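Report on the structure given below.
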Amino acid sequence: MAEGLDPVSEAVSLWVLVPDMWLAFISMALFIAVVVTSLVAVRRRFPYEFWYAVHLLTYAAVATSLPHQFSVGGLFAEGTWQRWYWLAVCIATGAALLHYRVLEPVIATFRHQLTVSRVVQVAPGVVSIEMHGLRLNELAGAGGRFFIWRFLAPGLWWHPHPFSLSAEPLQFDASGRGLLRITIRNLGRGSAQLAGVKPGTKVAVEGPYGIFSTAARSRDRVVMIGAGIGITPLRALLESTPFAPGQATVILRGRSEQELYLGDEILELARNRGATVFHLTGPRSARHTGSWLPDSATDAGHRLADYAPGIADADVYVCGPGAWARNVLEDARAAGVREDQLHYERFDW
C-alpha cells in the first residue's frame with residue numbers, strides 16, 4: 001500500500017527481487033494444498049493413497065519455507081546468536097524426522113524379518129494374516145496398539161496399512177522367533193488386495209503406535225467395547241492387559257453373531273482370565289439415533305452402566321465405527337467416566 005502497488009504486482013516483485021521468496025510462495029501453495037485435501041468433504045472424494053501422497057507434501061512445505069527466513073528474516077540475521085540457535089533447532093528436528101520416520105522402520109523391518117505364513121478366512125470379507133519373524137518378544141505387550149504394515153509385493157509395497165494386532169505374538173523360543181497376527185476386513189480396494197497376499201511375502205513394519213494399550217491404564221477395573229472389525233484389537237488387549245478375575249467386562253457389538261469377529265477366541269480368553277463377556281447383536285434403533293445398543297436393549301431402557309456396573313471407576317477402551325463409538329463414549333461419560341479413563345482411537349481417514 002505504501003508503494004501504491006496492487007497485490008499481484010507486489011507478489012511479482014517479492015518473487016523476483018527478494019532472495020528465496022519464490023520458495024516461500026511454493027511453500028504457501030503446498031500448505032494450502034495439504035489443508036484443502038485434509039477437509040473431510042474433500043479427502044473422501046480421493047483414494048487414501050492420493051491423500052497420503054499430498055499429506056507427505058507437508059515436509060516439502062516446511063523445507064521450502066525455511067530458506068527465506070534465513071536470507072531475509074531478522075530473527076535469523078547473520079552475526080546473531082539466534083541464527084545459530086534456530087539453525088540447530090531445524091537440523092535437530094530434521095534429524096528426528098529422519099530417524100523415527102525412516103531409519104527406525106527400516107531397522108525394525110530388518111530386525112524382525114516378517115514374512116507372511118498364511119491367510120485364514122475368519123468370516124465373509126474378513127481374513128487373518130499370520131506372519132512369522134524374529135525377535136517378536138520385542139513386540140509383545142503391544143496389546144491393541146497398531147502398526148504400519150507394508151506388504152512387499154507388486155502393487156502393495158507402497159501402500160501403508162494401519163492395523164492392530166489381533167493376538168499377542170506367539171513365541172517359539174527365547175530368541176523371539178515366532179508368529180503374530182492381524183485381522184482385517186474388506187473395506188476398500190487396499191484391504192481387499194490384502195486378502196489375496198501370498199505366503200512368503202516379506203513385510204515391512206513400523207510401530208507400535210497409539211494409546212490402545214496397557215500403558216494407558218489408570219484403574220484396576222477395565223471395560224472393553226468393540227463393534228465389527230473393531231473387536232479384533234480387543235482380543236489382543238484382553239490377552240495382555242493385567243486384571244484380577246471379575247475386574248474386566250468385554251462387550252461385543254454386531255448386527256449378527258457372524259459379525260462378532262474372533263468372538264469365540266475372546267470368549268475362551270475371558271473364561272480363562274475371569275472376565276465377563278456380553279454379545280449384543282441386532283440392528284440399532286431407528287427411533288433412537290444416539291444409541292449404540294441393539295433395538296431390543298434400547299427399548300428396554302438399558303445403558304452402558306447396566307452391563308458394566310462400577311464403570312465410573314474403570315478404564316474404558318472403545319473400538320469401532322466413528323459414529324457408533326461416539327455414542328458409546330457419550331454413554332460412558334453419562335455413567336461418570338472421566339476423560340482420562342476413556343481410550344479411543346479413530347482409524348477412519
Side-chain angles (χ1 to χ4, degrees), residues 48 52 98-123 126-187 190-216 229-242 261-262 265-266 268-269 319 345 347:
Y48 174 84
Y52 185 78
L98 286 174
H99 177 80
Y100 290 106
R101 296 303 301 270
V102 179
L103 186 60
E104 281 287 339
V106 170
I107 292 174
T109 297
F110 280 98
R111 178 192 298 130
H112 298 298
Q113 298 183 33
L114 291 171
T115 305
V116 175
S117 301
R118 63 173 182 161
V119 179
V120 181
Q121 185 170 8
V122 175
V126 179
V127 298
S128 285
I129 300 178
E130 297 179 359
M131 294 165 266
H132 64 264
L134 304 176
R135 301 173 71 172
L136 297 189
N137 53 305
E138 297 176 8
L139 300 179
R145 300 179 75 191
F146 71 94
F147 295 77
I148 304 297
W149 311 89
R150 293 178 186 269
F151 293 84
L152 306 181
L156 296 176
W157 63 269
W158 59 280
H159 191 168
H161 298 274
F163 293 128
S164 303
L165 294 178
S166 59
E168 281 289 286
L170 176 64
Q171 298 176 46
F172 296 151
D173 53 41
S175 70
R177 186 175 61 91
L179 285 171
L180 57 76
R181 184 185 73 181
I182 60 175
T183 302
I184 63 176
R185 184 181 180 185
N186 179 0
L187 294 174
S191 53
Q193 288 179 308
L194 295 184
V197 70
K198 303 297 184 183
T201 300
K202 299 295 182 180
V203 184
V205 64
E206 178 183 348
Y209 297 119
I211 60 171
F212 216 74
S213 73
T214 296
I229 199 63
I231 291 172
T232 59
L234 299 186
R235 193 266 182 220
L237 185 65
L238 178 63
E239 188 174 18
S240 62
T241 195
Y261 308 120
L262 306 182
E265 294 185 20
I266 291 174
E268 183 64 25
L269 276 171
C319 194
E345 286 186 309
F347 288 98

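The first residue in the sequence is number 1, and the count goes up from there. As the structure is a prediction and not an experimental result, all values here were calculated from the model.
Within the 4.5 Å cutoff, no side-chain heavy atoms of L134 are placed close to those of H112. Within the 4.5 Å cutoff, no side-chain heavy atoms of V126 are placed close to those of I184. For the pair F212/P233, a side-chain contact is recorded, criterion being any heavy-atom separation below 4.5 Å from C-beta on. R145 has its side chain out of reach of L165: every pair of non-hydrogen atoms, C-beta onward, lies at least 4.5 Å apart.
Expressed to the nearest 0.5 Å, how far NE2 of H132 lies from CD of Q113 amounts to 9.0 Å. Between atom OG1 of residue T232 and atom CZ of residue R185 there is a gap of 11.0 Å, rounded to the nearest 0.5 Å. One finds the CG atom of L103 at 8.5 Å from the CG atom of L98 (value rounded to the nearest 0.5 Å). Here the CD1-CG distance, from I129 to L114, works out to 12.0 Å after rounding to the nearest 0.5 Å. A distance of 10.5 Å separates CG in L170 from CZ in R177, rounded to the nearest 0.5 Å. Atom-to-atom distance recorded for F147:CZ and L180:CG is 7.5 Å, nearest 0.5 angstrom.
Across all their heavy atoms, L179 and S117 have their closest contact at CD2-OG, 3.5 Å. Contact detail for S128 and T183: the closest heavy-atom pair is OG-OG1, 2.8 Å.
In this structure, the side chain of T109 engages the main chain of V205 through a donor-acceptor pair within 3.5 Å. Judged by distance alone, the side chain of E239 and the main-chain N or O of E168 form a donor-acceptor pair under 3.5 Å. Side-chain N or O atoms of T241 include none that pairs as donor or acceptor with a backbone N or O of L237 at under 3.5 Å.
Within a 6.0 Å radius of CZ in F172, other residues, nucleotides and ligands contribute more than 12 heavy atoms.
Evaluation of the salt bridge (charged side-chain N to carboxylate O under 4.0 Å, His left out) test over residues 101-111, restricted to residues two or more places apart or in two chains, returns R101-E206, R111-E138.
Using cut-offs of 30° and 60° on the angle between ring planes, the pair H161 and F163 is parallel.
A side chain to side chain donor-acceptor pair (under 3.5 Å) with S166 is found for one member of R235, E265, R181 and no other, namely R181.
Every residue meeting the side-chain contact (heavy atoms from CB on, under 4.5 Å) condition with V106, not counting sequence neighbours, appears here in chain and number order: F110.
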